[in-house]
Trainee: 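Here it is: the structure, laid out below.
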There are 2 protein chains.
Amino acid sequence: MTTGEIDESFGGVTPDAARRLLLGAVRAFAERGFHATTTRDIAGRAGMSPAALYIHYKTKEELLFHISRVGHERSVAVLEESVAGTAGAADSAERLARAVRAFVRWHAEHHTTARVVQYELAALGEEHYAQIVVLRRRSEEILRGVLEEGVAAGEFDISDIRGTALAVMSLCIDVARWFSPEGRRTPEEIGELYADLALRMAGHRTAGLPA
Amino acid sequence: MTTGEIDESFGGVTPDAARRLLLGAVRAFAERGFHATTTRDIAGRAGMSPAALYIHYKTKEELLFHISRVGHERSVAVLEESVAGTAGAADSAERLARAVRAFVRWHAEHHTTARVVQYELAALGEEHYAQIVVLRRRSEEILRGVLEEGVAAGEFDISDIRGTALAVMSLCIDVARWFSPEGRRTPEEIGELYADLALRMAGHRTAGLPA
DNA sequence: CTGTGCACTGAGCGGCTGCTTAGCCCCTGG
DNA sequence: CCAGGGGCTAAGCAGCCGCTCAGTGCACAG
């Protein structure tokens with residue numbers, strides 16, 4: 001097993017020891033859950049003693065918060081970049097397809113980080129949770145915006161825009177739960193399939209036809 | 001907060017003390033996760049001492065297994081009943097809509113149980129997990145069967161049946177993650193919306209038109 | 001060379017963990 | 001009326017928890 005999947009998101013974290021602790025915590029939280037992970041386990045994975053953890057992070061919860069914040073920032077950035085510079089453009093279908101493709105690929109490729117990000121929210125402290133919710137709202141708004149523009153342009157046929165946006169979001173997020181690198185599909189293939197499914201959900205007229 | 005949501009699924013469990021322990025465990029596992037839940041917490045919710053737990057269940061893991069088994073059996077039964085007696089019938093679209101409506105409603109109405117059922121699988125012992133996987137495969141097969149019949153009958157337009165079935169399944173399951181009784185939608189409304197979305201994903205021709 | 005600062009460790013604190021055991025209470029059968 | 005037995009509890013076992021602190025070793029400034 002490589003750690004390449006995770007390095008990418010946390011490559012900018014310094015010093016080196018702080019990053020190693022973060023990487024160890026991501027794997028441990030994803031495997032066992034936050035509450036069931038011990039500081040001894042995290043420190044062990046980083047090749048350090050338990051006490052070293054508290055030089056870089058005040059508590060175990062702060063470690064989770066850092067993971068959650070960086071993870072959310074990355075996934076929102078991925079979503080933002082996928083539709084950047086195309087706002088107001090004619091082709092809403094292409095924008096939606098790009099957004100879903102990118103968001104799904106991130107959740108598949110970074111499924112370990114994504115699992116912590118999406119399923120350990122309840123373990124965050126109240127104040128930290130409030131900060132994360134702001135980031136989550138951003139990604140909802142981006143997706144809803146694409147759907148709204150498509151409906152306004154007559155490209156999409158949606159009766160419940162908010163509900164459909166949440167459903168598409170939910171579909172993408174759940175990839176992190178079931179995706180496995182040993183599975184029969186690559187992140188790219190899933191992204192492609194899901195982009196098509198999202199277009200269908202949005203009532204795009206030519207959805208599903210061969211390119 | 002009432003316990004009505006949970007009683008329904010575990011009403012048949014006897015004796016009374018065993019059921020009360022099961023109900024306490026469901027709530028505790030849903031709130032904190034299996035590994036982070038203590039036997040003292042479970043017993044406390046059932047109004048008993050920690051030792052009483054071990055009269056009715058061998059270990060904490062066996063308690064999780066019982067919840068997981070009953071929960072899976074119920075959700076598979078709901079899915080089965082929703083399409084019962086309609087196999088081979090002309091209207092595949094109606095079958096798919098009924099299946100998704102029922103499966104989504106179960107995950108919303110029983111979101112506490114569903115959360116444990118869907119998100120604590122990894123905490124099961126190897127042997128118990130193997131038994132649960134059999135039940136999970138059943139629900140996948142039911143949904144895939146409906147899609148296959150619809151494609152064969154020319155009602156649906158799907159290029160990747162297995163992938164689409166998994167996506168619809170995933171969409172329904174994820175309801176358990178985000179659903180809240182305090183939210184703006186009822187389980188019935190979500191079921192209705194999702195039934196329409198599933199028809200669109202299946203490429204049903206008249207999907208989305210008013211009834 | 002010495003002095004300072006800091007990442008890091010070993011040992012350990014009070015408290016909690018899953019689970020066990022010895023014994024009590026009360027319902028039932030005769 | 002008493003004997004038997006099962007549901008239940010109080011107490012406790014060995015071990016682990018998050019976190020702290022005094023002290024160690026090393027890099028670097030003067």
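In what follows, chains carry the letters A, B, and so on, assigned in the order in which the sequence lines appear, proteins first and then strands, with residues in each chain numbered from 1.
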Trainee: Starting the side chain at C-beta, find the nucleotide from C/dT21, C/dT9, C/dC19 nearest to B/Ala51.
Mentor: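 The closest nucleotide is C/dT21.
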Trainee: May I have the distance from B/Ile55 (atom CD1) to D/dT9 (atom P), rounded to whole angstrom?
Mentor: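 Taking atom P of D/dT9 as the reference, CD1 of B/Ile55 is at 8 Å.
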Trainee: Can a cation-pi geometry be assigned to A/Arg32 and A/Phe29, taking NZ or CZ under 6.0 Å from the six-membered ring centre and within 45° of the ring axis?
Mentor: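 No.
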Trainee: Is A/Ser49 close enough to C/dG10 that one of its side-chain N or O atoms is under 4.0 Å from OP1 or OP2 there?
Mentor: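 No.
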Trainee: For A/Glu61 and D/dC17, give me the distance from atom CD to atom C1', rounded to whole Å.
Mentor: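 Distance check: A/Glu61 CD to D/dC17 C1' gives 17 Å.
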Trainee: With no hydrogens and no angle check, just 3.5 Å: does a side-chain donor-acceptor pair link A/His107 and A/Gln118?
Mentor: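 Judged by distance alone, the side chains do pair up.
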Trainee: To the nearest Å, how far apart are A/Leu53 CG and C/dC8 C1'?
Mentor: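 After rounding, the gap between these two atoms is 12 Å.
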Trainee: By nearest nucleotide on DNA chain D, pick out whichever of A/Pro50 and B/Arg40 is the more 5' one.
Mentor: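 Upstream on the strand: B/Arg40.
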Trainee: I want to check one thing: is the phosphate of C/dC8, taken as OP1 and OP2, less than 4.0 Å away from some side-chain N or O of A/His56?
Mentor: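 Yes, within the criterion.
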Trainee: Nearest-Å distance, OH (B/Tyr54) to P (D/dT9)?
Mentor: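 That distance rounds to 14 Å.
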Trainee: Nearest-Å distance, CG (A/Asp41) to C1' (D/dG18)?
Mentor: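 In whole Å, D/dG18 C1' and A/Asp41 CG are 14 Å from each other.
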Trainee: Measure from the side-chain heavy atoms of A/Ala52 and tell me the nearest of C/dC8, D/dC19, D/dG18.
Mentor: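 The answer is C/dC8, which lies nearest to the side chain.
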Trainee: In whole Å, what is the span from the CG atom of A/Asp16 to the P atom of C/dC8?
Mentor: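 That distance rounds to 9 Å.
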Trainee: Under 4.5 Å between any side-chain heavy atoms of A/Leu166 and A/Glu140, yes or no?
Mentor: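 They are in side-chain contact.
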Trainee: Without decimals, in angstroms, what is the distance between B/His35 NE2 and D/dC17 P?
Mentor: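 For the pair B/His35 NE2 and D/dC17 P, the rounded distance is 13 Å.
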Trainee: Under a 4.5 Å cut-off applied to non-hydrogen side-chain atoms, are A/Glu149 and A/Phe156 in contact?
Mentor: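 Not touching, per the 4.5 Å side-chain cut-off.
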Trainee: Looking only at the side chain of B/Met48 (C-beta and beyond, no hydrogens), which of the listed nucleotides C/dG18, D/dT9, D/dG18 gets closest?
Mentor: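 From the listed options, D/dT9 comes nearest.
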Trainee: Expressed in angstrom and rounded to an integer, what is the separation of A/Leu21 atom CG from C/dA7 atom P?
Mentor: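 The distance from CG of A/Leu21 to P of C/dA7 comes to 13 Å, rounded to the nearest Å.
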Trainee: Looking only at the side chain of B/Ala17 (C-beta and beyond, no hydrogens), which of the listed nucleotides C/dG18, D/dC8, C/dC8 gets closest?
Mentor: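 Looking only at heavy atoms from C-beta outward on B/Ala17, the closest nucleotide is D/dC8.
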Trainee: Is the B/Tyr57 ring parallel, tilted or perpendicular to the B/His66 ring (thresholds 30°, 60°)?
Mentor: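 The rings of B/Tyr57 and B/His66 stand perpendicular, inter-plane angle above 60°.
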